Asker: 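Below you'll find the structure I mean.
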Amino acid sequence: MGLFWKKDLVYDKDKCQNAVEALENTKQIIEGTAPSIIKEMNAINGAKGFLEYCSGGVPCNGNSVKLASESCIELVDVFKGKVAEMVESIEEYDNASWWEQDLASIGMGFTKLFEGVGTLGENIIDGVAMVAGFTTGWMSEEWKNDVSNFIKKDHVGDFFAEQYENGILSEMNDLSNFSHTSDAANICKAAGTVAGYVVLDTFTGGVASITFNALAGAGRKTQEQLQSGKDFYSASLSGFVEGGKDALITYGFQKLNQATKGVNKAEEAFNKSGAANFADDVVKAADKVDDVVKGAANSADDVVKAADKVDDVVKAADKVDDVVKGAANSADDVVKA
């Protein structure tokens with residue numbers, strides 16, 4: 001039951017518990033390993049004649065060994081925490097009612113839409129920063145690096161990711177039928193970006209709309225290039241090219257929209273002028289003329305048929321005349337006889 005397909009989450013509790021216990025045992029072993037390592041290294045260095053013949057013996061830095069041990073212990077704790085979070089997330093999802101899951105899924109869709117709109121805004125700001133850095137970066141290397149780092153960071157994406165994982169949206173992410181990193185979530189985010197473009201074009205239009213779209217394209221591409229390892233100027237050049245493409249596309253859509261509106265207005269004016277009604281009357285009159293022509297053709301056909309009948313009557317009269325002539329000839333022959 002519910003609006004969305006429910007994920008079938010199955011996990012082995014015993015195996016998860018055994019893994020957590022094994023990590024805890026490993027942690028205890030590591031804690032006891034550092035002192036043992038230091039002790040044995042000191043024992044080697046203390047062996048008779050070792051220092052004299054081995055150029056100062058084995059270097060033993062107790063602090064380095066201790067720090068390495070503490071780092072390993074912290075890493076084990078991180079693993080344990082991740083396992084615990086995943087188990088809690090699975091159990092929370094499985095125990096939730098269908099309506100809680102549906103509300104969480106709807107909420108996920110809306111938050112990803114907002115994230116998409118926010119991403120568009122960030123792209124525009126990144127585009128402005130890229131232009132500023134590209135034109136003035138030669139003045140200060142530090143300024144150029146600051147601009148580059150600002151554009152490189154995905155401010156909106158990182159903010160929402162933190163909220164989904166550990167913030168106010170974490171419970172929604174756990175109960176939703178699709179996570180914030182799923183394909184469905186990315187589709188909703190893309191829809192939000194597209195909706196932002198539509199709203200932007202509606203309220204700005206003309207040159208302003210072209211400019212905003214160009215900046216958004218430039219900022220988006222520059223960020224992608226910086227994140228892939230390109231230097232600032234190479235990334236900026238790619239951004240300029242992408243921004244130019246988006247500007248041309250926006251210009252083309254505006255012209256197409258204007259042409260469509262012009263056609264609609266012409267059609268509306270044509271209808272209001274009465275020309276449309278006149279054209280309709282002409283078509284109806286033509287239909288009537290056609291009917292008259294068809295009637296005349298039918299009448300002509302009847303006349304022809306009537307003429308054929310008259311011809312038949314004449315032929316019949318000729319036959320009667322022949323009979324009369326035959327009878328007269330016969331009577332004349334009788335008289336002569």
Side-chain angles (χ1 to χ4, degrees), residues 3-7 9 11 16 71 74-96 100-130 133 145-197 199-200 215-230 232 235 238-239 242:
L3 299 174
F4 302 95
W5 171 72
K6 179 180 171 64
K7 293 180 293 188
L9 301 181
Y11 77 105
C16 289
S71 298
E74 290 178 0
L75 185 60
V76 172
D77 286 337
V78 170
F79 288 155
K80 286 176 57 181
K82 288 295 183 183
V83 172
E85 289 177 7
M86 293 177 182
V87 169
E88 182 181 0
S89 176
I90 292 173
E91 291 180 346
E92 187 175 3
Y93 178 83
D94 284 339
N95 295 331
E100 289 177 313
Q101 294 171 350
D102 283 355
L103 287 177
S105 300
I106 294 172
M108 177 64 75
F110 276 110
T111 55
K112 294 303 290 188
L113 284 172
F114 286 126
E115 183 179 347
V117 175
T119 298
L120 173 61
E122 181 181 349
N123 290 338
I124 294 174
I125 295 174
D126 286 345
V128 175
M130 183 271 287
N145 291 335
D146 289 343
V147 172
S148 178
N149 292 331
F150 174 81
I151 297 173
K152 184 177 181 180
K153 180 176 174 57
D154 183 6
H155 299 275
V156 173
D158 291 347
F159 169 79
F160 275 93
E162 176 62 24
Q163 298 307 311
Y164 289 129
E165 295 293 338
N166 305 306
I168 59 176
L169 302 177
S170 59
E171 184 175 359
M172 181 187 72
N173 184 60
D174 291 337
L175 297 181
S176 174
N177 289 287
F178 56 96
S179 71
H180 71 97
T181 58
S182 64
D183 291 339
N186 289 330
I187 290 173
C188 291
K189 180 181 176 180
T193 302
V194 172
Y197 274 112
V199 172
L200 189 65
L215 288 172
R220 181 184 68 252
K221 190 64 175 182
T222 303
Q223 184 182 79
E224 291 176 359
Q225 294 295 302
L226 288 173
Q227 291 176 349
S228 69
K230 296 289 183 65
F232 177 73
S238 298
E242 189 70 15

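Keep in mind that what you see is a predicted model, and the values were worked out from it rather than measured.
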Asker: Under 3.5 Å, side chain of Glu242 to main-chain N/O of Lys221, donor-acceptor pair present?
Answerer: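 No, the answer is negative, given that no donor and acceptor are paired below the 3.5 Å cut-off.
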Asker: Does any non-hydrogen side-chain atom of Ile124 lie less than 4.5 Å from one of Leu200?
Answerer: yes
Asker: Look up atom CZ in Phe160 and atom NZ in Lys189, then write down how far apart they are to the nearest 0.5 Å.
Answerer: 9.5 Å
Asker: If you count the non-hydrogen atoms of other residues, nucleotides and ligands that lie under 6.0 Å from CD in Glu224, is the total more than 12?
Answerer: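 Yes - once you tally the heavy atoms of other residues, nucleotides and ligands closer than 6.0 Å, there are more than 12.
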Asker: Which heavy atom in Gly133 sits nearest to a heavy atom in Val147, and how many Å separate them?
Answerer: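 In terms of heavy atoms, the two residues are closest at CA-CG1, 4.1 Å.
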Asker: Are there over 12 heavy-atom neighbours, none belonging to Tyr197, within less than 6.0 Å of that residue's OH?
Answerer: yes
Asker: I need the minimum non-hydrogen distance between Val117 and Gly192, along with the two atoms involved.
Answerer: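 Closest approach of Val117 to Gly192, heavy atoms only: CG2-O, 3.3 Å.
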Asker: Would you compute the distance between atom CG of Leu215 and atom CZ of Arg220 and round it to the nearest 0.5 angstrom?
Answerer: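 The distance works out to 12.0 Å.
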Asker: Quick one: does any side-chain atom of Thr111 pair with a main-chain N or O of Met108 as donor and acceptor, under 3.5 Å?
Answerer: yes
Asker: Could you measure the distance from the OG1 atom of Thr193 to the CG atom of Leu113? Nearest 0.5 Å is fine.
Answerer: 9.0 Å
Asker: Under the side-chain hydrogen bond (donor to acceptor under 3.5 Å, both in side chains) test, which residues partner Asp158, sequence neighbours left out?
Answerer: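 Counting only residues at least two positions away or on another chain, Asp158 forms a side-chain hydrogen bond (donor to acceptor under 3.5 Å, both in side chains) with Lys153.
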Asker: List the atom of Ala185, the atom of Ser179, and the distance in Å for their closest heavy-atom pair.
Answerer: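 Looking at all heavy atoms of both residues, the shortest contact is CB-O, 3.3 Å.
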Asker: If you compare all heavy atoms of Ser176 against all heavy atoms of Ala104, which two are closest, and at what distance to 0.1 Å?
Answerer: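 Here Ser176 and Ala104 meet closest at N-CB, 3.6 Å.
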Asker: Who pairs with Phe150 by ring-ring contact (aromatic ring centres under 6.0 Å, His included), at least two apart in sequence or on another chain?
Answerer: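 Testing Phe150 for ring-ring contact (aromatic ring centres under 6.0 Å, His included), a comparison that skips the adjacent residues, returns His155.
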Asker: Please identify each residue that fulfils side-chain hydrogen bond (donor to acceptor under 3.5 Å, both in side chains) with Ser182, with sequence neighbours left out.
Answerer: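 Not a single residue meets the side-chain hydrogen bond (donor to acceptor under 3.5 Å, both in side chains) criterion with Ser182.
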Asker: Evaluate the side-chain proximity of Tyr164 to Glu115: yes if any heavy-atom separation is below 4.5 Å, no if none is.
Answerer: yes
Asker: Applying salt bridge (Lys or Arg N to Asp or Glu O under 4.0 Å), can you list everything that pairs with Asp154, at least two apart in sequence or on another chain?
Answerer: none
Asker: For Asp146, check side-chain contact (heavy atoms from CB on, under 4.5 Å) against everything at least two apart and list the hits.
Answerer: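 Applying side-chain contact (heavy atoms from CB on, under 4.5 Å) to Asp146 gives Glu142.
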Asker: Between Lys112 and His180, is there a donor-acceptor pair closer than 3.5 Å when you use the side chain of the first and the backbone of the second?
Answerer: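 Judged by distance alone, yes, a pair lies under 3.5 Å.
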Asker: Considering all heavy atoms of both residues, which atom of Ser105 and which atom of Phe178 are nearest to each other, and what is their separation?
Answerer: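 Taking every non-hydrogen atom into account, O-CZ, 3.5 Å.
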Asker: Counting N and O atoms only, with roles assigned by atom type, does the side chain of Ser228 sit under 3.5 Å from a partner on the main chain of Gln225, one being a donor and the other an acceptor?
Answerer: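 Indeed, once roles are kept as given, a pair shorter than 3.5 Å links the two residues.
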Asker: How would you list, by chain and number, every residue that makes a salt bridge (Lys or Arg N to Asp or Glu O under 4.0 Å) with Lys80, sequence neighbours excluded?
Answerer: Glu24
Asker: Checking the side chain of Thr222 only, and the main-chain atoms of Ala218 only, is there a donor and an acceptor separated by less than 3.5 Å?
Answerer: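 Here the side-chain-to-backbone pair exists.
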Asker: State, yes or no, whether a side-chain contact exists between Ile151 and Ile125 at a heavy-atom distance under 4.5 Å.
Answerer: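 A side-chain contact is absent here, since even the closest heavy-atom pair is not under 4.5 Å.
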Asker: If I compare all heavy atoms of Lys152 with all of Gln223, which pair ends up nearest, and what's the gap?
Answerer: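 Answer, listing the atom of Lys152 first, then Gln223: O-CG, 3.8 Å.
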